[in-house]
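Notes follow the structure.
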Amino acid sequence: SVSALDCTGCGSCVNVCPGKKGAKALAMENLEASADEQKYFDYTVKLPVKEDVIAKFKEATVKGSQFKQPLLEFSGACAGCGETAYIKLVTQLFGERMMIANATGCSSIWGGSAPSTPYTTNHEGKGPAWANSLFEDNAEFGYGMFLAVNQMRSNIAMNMEALLETSIAEEYKETFRNWIANKENGELSKVYSAEVEAILDNNNVEDAKALELLAEINNRRDYLVKRSQWILGGDGWAYDIGYGGLDHVLASGDNVNVLVFDTEIYSNTGGQSSKSTPIAAMAKFAASGKKSAKKNLGRMMMSYGNVYVAQVAIGADKNQVVKAMLEAEAHDGPSIIIAYSTCISHGLKKGMGFSIRNMDEAVKAGYWHLYRFNPSLKEQGKNPFVLDSKEPQGSFKDFIMDQVRYSAIAKQYPEEAEELFAMAEADAKRKYEEYKKLAE
């Protein structure tokens with residue numbers, strides 16, 4: 001069901017959603033002509049969650065994940081924004097146990113426009129905990145969240161280990177052993193945390209020392225379930241102003257997840273050039289087209305060897321995005337996902353209603369490459385690098401010329417444009433050849 005009153009009118013859903021026999025499943029209509037539409041949405045949000053239906057599908061799939069309630073809704077993003085689809089998916093996979101540190105930028109504006117927020121809770125009242133930090137220190141801010149939670153949970157484990165030495169019932173001890181053994185497993189920690197909470201709420205313990213330890217655990221019961229720690233921000237933060245902190249945190253080896261919304265510019269402050277901006281793209285401070293290559297953040301982070309790295313585009317390969325998010329969260333160590341995010345500042349000539357299709361075209365043209373670098377594969381004797389992109393098929397030149405940030409260069413600087421476009425295509429091909437060698 002669609003909320004007619006919250007639709008931004010981009011038309012992306014109409015262009016993406018398939019219907020029977022080639023027909024479109026959805027159609028854009030004037031709001032005034034369909035005033036009754038909202039009542040259907042209002043009805044559906046009151047329906048109870050059908051756990052038995054959800055259980056029929058594997059959550060770790062594209063289809064299964066979409067039966068889960070998104071814990072991000074009605075953001076303040078531009079119509080057709082490429083960023084919101086990624087974090088909406090993350091909330092469907094891990095939302096009820098997420099903690100988010102969000103760098104200042106577009107994602108902090110549409111993600112936390114006071115006095116409201118698009119982050120919400122499920123039917124159990126659980127949802128992402130979100131906070132915004134400065135542009136330059138968000139990685140450290142999120143790392144601080146991780147360290148604080150880690151300390152709390154270490155304290156819980158210590159108290160449980162002490163309980164094993166008391167005279168409490170053996171069944172209680174078994175529950176505590178299970179929690180300690182699985183406390184770093186996101187899904188299993190939910191199962192055993194529920195069993196621990198049952199003991200906290202209803203037990204027949206008389207031992208004074210055990211009661212004291214149980215009381216301490218009860219004070220920190222919100223930390224029983226393993227938190228899914230996420231650090232979010234755009235390329236202006238990750239590639240530029242906050243890069244030093246990001247590098248420091250990923251080099252720590254600790255279990256945090258980073259999601260970069262890569263729009264290839266400083267989107268929130270008007271479209272300035274960043275180190276993520278590719279050769280030939282027009283941006284503020286690069287009015288005649290950027291002359292230097294895009295920083296390869298993914299390759300830099302791979303050099304540590306223990307960092308999970310993925311480059312994704314949700315419009316090109318939804319399965320790969322889901323795999324990357326699940327692998328990143330499961331990785332016992334730092335992870336970073338770099339997500340190609342179409343932006344209104346790109347000047348898509350077909351309009352932002354074709355935002356998702358643009359991502360697909362970017363990969364087919366060899367402009368953006370999909371891959372996953374999973375350090376755990378090395379332990380299995382396998383190549384940790386998996387190239388998910390196929391050989392480029394589309395025209396690189398045609399793809400970039402469908403965006404004003406490139407076509408404007410051809411109009412204003414025709415002599416320089418061809419040289420810059422050739423440099424941009426050569427750089428993209430060079431990267432793909434490097435990825436092919438890594439995958440061999």
Side-chain angles (χ1 to χ4, degrees), residues 51 55 59-60 93-101 121-122 124-129 131 140-231 249-257 306-308 326-335 375-376 379-380:
E51 298 287 0
E59 290 182 26
L93 296 170
F94 319 112
E96 74 278 6
R97 56 186 184 89
M98 282 181 73
M99 286 186 75
I100 300 172
T121 55
N122 62 15
E124 296 178 326
K126 296 177 181 177
E140 299 94 319
F141 181 61
Y143 188 44
M145 286 182 179
F146 164 80
L147 292 175
V149 170
N150 198 45
Q151 180 65 28
M152 297 278 197
R153 301 188 80 237
S154 294
N155 189 281
I156 291 173
M158 183 177 66
N159 286 329
M160 285 188 185
E161 285 166 357
L163 278 164
L164 297 178
E165 303 302 319
T166 66
S167 60
I168 62 172
E170 186 58 35
E171 62 186 274
Y172 293 169
K173 291 183 180 181
E174 187 61 25
T175 295
F176 295 142
R177 288 191 194 100
N178 286 335
W179 186 89
I180 293 168
N182 296 283
K183 74 185 184 76
E184 297 306 318
N185 184 304
E187 292 307 307
L188 288 178
S189 80
K190 287 195 289 186
V191 174
Y192 295 116
S193 293
E195 293 182 7
V196 171
E197 287 183 329
I199 294 173
L200 296 175
D201 293 335
N202 186 19
N203 66 74
N204 56 5
V205 174
E206 295 180 358
D207 184 310
K209 179 61 177 175
L211 285 171
E212 183 183 329
L213 292 167
L214 287 170
E216 287 194 28
I217 294 172
N218 191 54
N219 287 336
R220 298 181 178 85
R221 67 188 294 160
D222 282 352
Y223 297 91
L224 284 168
V225 175
K226 181 183 181 292
R227 298 291 173 96
S228 185
Q229 306 279 162
W230 287 83
I231 300 172
V249 171
L250 290 176
S252 72
D254 284 322
N255 196 358
V256 295
N257 306 294
N306 66 335
V307 179
Y308 180 93
L326 291 165
E327 289 172 355
E329 212 280 334
H331 176 58
D332 187 15
S335 71
S376 64
E379 298 166 10
Q380 302 169 30

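Because only heavy atoms are used, hydrogens play no part in the values below, and waters and symmetry mates are left out as well, while side chains stay in.
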Could you go through the side-chain contact (heavy atoms from CB on, under 4.5 Å) check for L93 and E329 one step at a time?
CA-CA 10 Å; L93 296 170; E329 212 280 334; over 6 Å; no
Could you walk me through whether N155 and I217 pass side-chain contact (heavy atoms from CB on, under 4.5 Å), step by step?
CA-CA 8 Å; N155 189 281; I217 294 172; over 6 Å; no
Steps toward side-chain contact (heavy atoms from CB on, under 4.5 Å) verdict (I231, F141)
CA-CA 9 Å; I231 300 172; F141 181 61; over 6 Å; no
Stepwise, does the side-chain contact (heavy atoms from CB on, under 4.5 Å) test hold for W230 with M99?
CA-CA 6 Å; W230 287 83; M99 286 186 75; over 6 Å; no
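In this structure, K226 and R153 approach most closely via the heavy-atom pair N-NH2, 3.4 Å. Between T166 and A162, the shortest heavy-atom contact is CG2-O, 3.6 Å. The minimum heavy-atom distance linking I199 with N203 is given by the pair O-ND2, 2.9 Å. Across all their heavy atoms, F94 and S228 have their closest contact at CB-OG, 3.7 Å. The two residues M145 and I100 come nearest to each other via the heavy atoms CE-O, 3.7 Å. Looking at every heavy atom in both residues, P334 comes nearest to L250 through CG-O, 3.2 Å.
Of the inter-residue distances, the one linking L164 atom CG with E170 atom CD reads 8.5 Å to the nearest 0.5 angstrom. Note that the CG atom of N178 and the OG atom of S189 stand 12.5 Å from one another [nearest 0.5 Å]. To the nearest 0.5 Å, atoms CZ (F176) and CD1 (I168) are separated by 5.0 Å. With rounding to the nearest 0.5 angstrom, the CD atom of E161 is 11.5 Å from the CG atom of L213. Atoms CG and OH, from L214 and Y172 in turn, are 9.0 Å apart once rounded to the nearest 0.5 Å. The distance from the CE atom of M152 to the CG atom of L147 is 12.0 Å, given to the nearest 0.5 Å.
At least one cation-pi condition fails for R221 and Y223: the charged atom is not both under 6.0 angstrom from the six-membered ring centre and inside a 45 degree cone around its axis.
Using a 4.5 Å heavy-atom cutoff, the side chains of D332 and E184 are not in contact. Side-chain contact between K173 and M160 is absent, with no heavy atoms from C-beta onward closer than 4.5 Å. The shortest distance between side-chain heavy atoms of F146 and V249 does not fall below 4.5 Å. Residues Q229 and N255 have side chains not in contact (no heavy-atom distance under 4.5 Å, counting atoms from C-beta outward). You'll find the side chain of T121 stays beyond 4.5 Å of the side chain of K126, heavy atoms only. For the pair R227/D222, a side-chain contact is recorded, criterion being any heavy-atom separation below 4.5 Å from C-beta on. Residues D207 and L211 have side chains not in contact (no heavy-atom distance under 4.5 Å, counting atoms from C-beta outward).
Atom CG of N202 sits in a sparse spot, with 12 or fewer heavy atoms from other residues, nucleotides or ligands closer than 6.0 Å.
Residues K209 and E165 are not paired through a salt bridge, judged by the lack of any N-O separation under 4.0 Å between the basic side chain and the carboxylate.
Tested against K190 for a salt bridge (Lys or Arg N to Asp or Glu O under 4.0 Å), the candidates E124, E197, E96 yield a single pass: E96.
Under a 3.5 Å cut-off, the side chain of W179 and the backbone N or O of A157 do not form any donor-acceptor pair. Checking side-chain atoms of N182 against main-chain N and O of N185 turns up no donor-acceptor pair under 3.5 Å. Put simply, the side chain of N218 never gets that close to the backbone of L200: no donor and acceptor are under 3.5 Å apart. Between the H331 side chain and the V256 main chain, no donor and acceptor come within less than 3.5 Å of each other.
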